[in-house]
Amino acid sequence: MHHYPEASADTAVIFDFETSGLSPNYGDRAIEIGAVRIKSGKVVDRFQQLMNPGFRISGFIESYTGISNELLKDAPACEEVMEAFADFIGEDNLVAHNASFDKRFLEAELERVGIHFRGNIACSMLLARRIYQRAPNHKLGTLVAYRNIQAEDVFHRALADSEMTSRLWLKMIEDLQSQYLLPELSFATMQKLSRTPKSKVHSFLSSFSSE
DNA sequence: TGCCAGGCCCTCTTTAGGGCCTT
């Protein structure tokens, strides 16, 4: 897999996992993957698949996600789905909301099928904490409302959350471009911004725009 | 319905603690 951090920020795969819990190191597995591919700011492809983790999920996860054990019973195994998702990712850069969480599951599930993921992942939450410092909080649902982004009819399903994260990602690009008069933002610049101390965000963007 | 992990980030910090996010 080759990845291109110098690629434009508006071309990427935005993805989201639903899982049986919080930690793959403690036996949790993916139960659903959803993704939206954007190219030059437009949605050009989608991926959504439930997957059977091989055990019953808790009642908490059933009600949190709306994904029942009954639904998972006939779903393909994680390994089969993850191989297909690796093909879907291809060479694109990745985005997720609170990416450290989704990255852990992506790496753990891909390792199970012999794929060592080495791509770039940007975090929309870290960016939103810098760009929307006055938002009430930086949960996906709050940011969607805060920025008047079209919501899906459900939350906590993989494709719906991916769709909303993709809209948030594009909105952040749009807001940065209009606020700092930037002609184009690279994926790498977005990643750098997500690691810039909050107090230095303005100077980072100002210096970048004058380069 | 929740507090199982872990990275980020602030503060009454660095020999640490706790809230925010994700499921």
Side-chain angles (χ1 to χ4, degrees), chain A residues 12-36 47-69 71-72 75 78 81-82 85 94-112 117 119-147 149 151-152 154-169 171-172 190-204:
Chain A
V13 166
I14 295 88
F15 76 106
D16 180 63
F17 276 114
E18 303 308 314
T19 69
S20 67
L22 291 171
S23 177
N25 293 335
Y26 283 68
D28 288 319
R29 298 293 304 273
I31 60 172
E32 185 179 41
I33 178 74
V36 172
F47 188 100
Q48 180 180 37
Q49 187 61 61
L50 290 168
M51 52 190 125
N52 191 329
F55 54 83
R56 289 182 63 83
I57 58 172
S58 69
F60 171 76
I61 294 296
E62 281 190 314
S63 42
Y64 185 82
T65 63
I67 298 168
S68 64
N69 282 293
L71 271 176
L72 293 177
C78 295
V81 172
M82 291 308 299
F85 185 60
L94 299 179
V95 175
H97 198 71
N98 196 14
S100 69
F101 174 85
D102 293 283
K103 183 171 184 276
R104 280 197 296 278
F105 279 95
L106 180 68
E107 289 176 346
E109 293 292 350
L110 287 178
E111 285 291 345
R112 287 173 173 270
F117 179 76
N120 301 302
I121 308 182
C123 178
S124 56
M125 185 193 74
L126 293 181
L127 273 155
R129 282 178 177 172
R130 287 158 176 78
I131 299 172
Y132 305 132
Q133 296 190 25
R134 298 169 68 176
N137 61 57
H138 299 87
K139 295 176 184 177
L140 179 60
T142 301
L143 291 165
V144 164
Y146 179 74
R147 218 43 211 89
I149 290 164
E152 294 292 299
V154 294
F155 282 88
H156 306 306
R157 285 299 298 267
L159 183 58
D161 283 6
S162 297
E163 297 271 7
M164 291 186 283
T165 302
S166 72
R167 292 172 196 148
L168 171 64
W169 178 255
K171 181 69 81 178
M172 290 192 290
M190 295 289 271
Q191 282 191 304
K192 282 181 194 169
L193 181 57
S194 76
R195 303 289 176 179
T196 299
K198 285 183 190 174
S199 62
K200 296 184 176 177
V201 164
H202 182 77
S203 61
F204 171 82

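Below, read A as the first sequence line, B as the second, and so on, with proteins coming before strands; counting in each chain starts at 1. Given the structure is predicted, the values throughout are model-derived calculations rather than measurements.
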- Note on the structure: Between CZ of A:F17 and C1' of B:dC21 the distance, given in whole Å, is 17 Å

- Item | Intermediate values then yes/no, side-chain contact (heavy atoms from CB on, under 4.5 Å), A:F155 and A:E152 | CA-CA 7 Å; A:F155 282 88; A:E152 294 292 299; over 6 Å; no

- Are any non-hydrogen side-chain atoms of A:L127 and A:M190 less than 4.5 angstrom apart? yes

- Task: Would you classify A:L140 as touching base, sugar-phosphate or nothing, given that sugar-phosphate means primed atoms plus P, OP1 and OP2, and contacts are heavy atoms under 4.0 Å?
- Result: sugar-phosphate

- Message: So, OP1 or OP2 of B:dC20: does either fall under 4.0 Å of a side-chain N or O from A:H138?
- Response: no

- Euclidean distance, atom CG of residue A:D161 to atom C1' of B:dT23 [Å, nearest integer]: 11 Å

- Mind checking the C1' distance from B:dC9 to B:dT14? Whole angstroms is fine. 14 Å

- Message: Expressed as a whole number of angstroms, how long is the span from A:Y146:OH to B:dC21:P?
- Response: 13 Å

- To the nearest Å, how far apart are A:H156 NE2 and B:dT22 P? 7 Å

- Query: Rounded to the nearest Å, what distance is computed from the CD1 atom of residue A:I57 to the C1' atom of nucleotide B:dT23?
  - Reply: 10 Å

- Task: Indicate, with a heavy-atom threshold strictly under 4.0 Å, whether A:D102 touches base, sugar-phosphate, or nothing.
- Result: nothing

- Could you measure between the two P atoms, the one in B:dT15 and the one in B:dT1, and give it in whole Å? 41 Å

- Task: With sequence neighbours excluded, tell me which residues meet salt bridge (charged side-chain N to carboxylate O under 4.0 Å, His left out) with A:K103.
- Result: A:E107

- Note on the structure: Ranking A:S63 and A:N137 by the position along DNA chain B of their nearest nucleotide, the one closer to 5' is A:S63

- Would a 4.5 Å heavy-atom cut-off, applied to side chains only, mark A:I31 and A:L50 as touching? no

- Message: Please give the distance between the P atoms of B:dG19 and B:dC12 as a whole number of Å.
- Response: 14 Å

- Message: Tell me the interatomic distance from A:I121, atom CD1, to B:dT22, atom P, rounded to whole angstroms.
- Response: 16 Å

- By ring-ring contact (aromatic ring centres under 6.0 Å, His included), A:F60 pairs with (sequence neighbours left out) A:Y64

- Inter-nucleotide C1' distance (B:dC3, B:dG18), Å rounded: 14 Å

- Protein heavy-atom contacts under 4.0 Å, written 5' to 3' over nucleotides 3-13 of chain B as B (base), S (sugar-phosphate only) or - (none), form the string -BBB-SSS---

- To the nearest angstrom, the CD-P distance between A:E32 and B:dT22 comes to 16 Å

- Query: Between the side chains of A:N137 and A:T142, is a donor N or O closer than 3.5 angstrom to an acceptor N or O?
  - Reply: yes

- Quick check: does any side chain N or O of A:H97 sit under 3.5 Å from a backbone N or O of A:H138, one acting as donor and the other as acceptor? yes

- Task: Starting at atom CZ of A:F105, determine the distance to atom C1' of B:dT22, rounded to an integer number of angstrom.
- Result: 9 Å

- Item | A:H97 side chain near B:dC21 phosphate (N/O to OP1/OP2, under 4.0 Å) | no

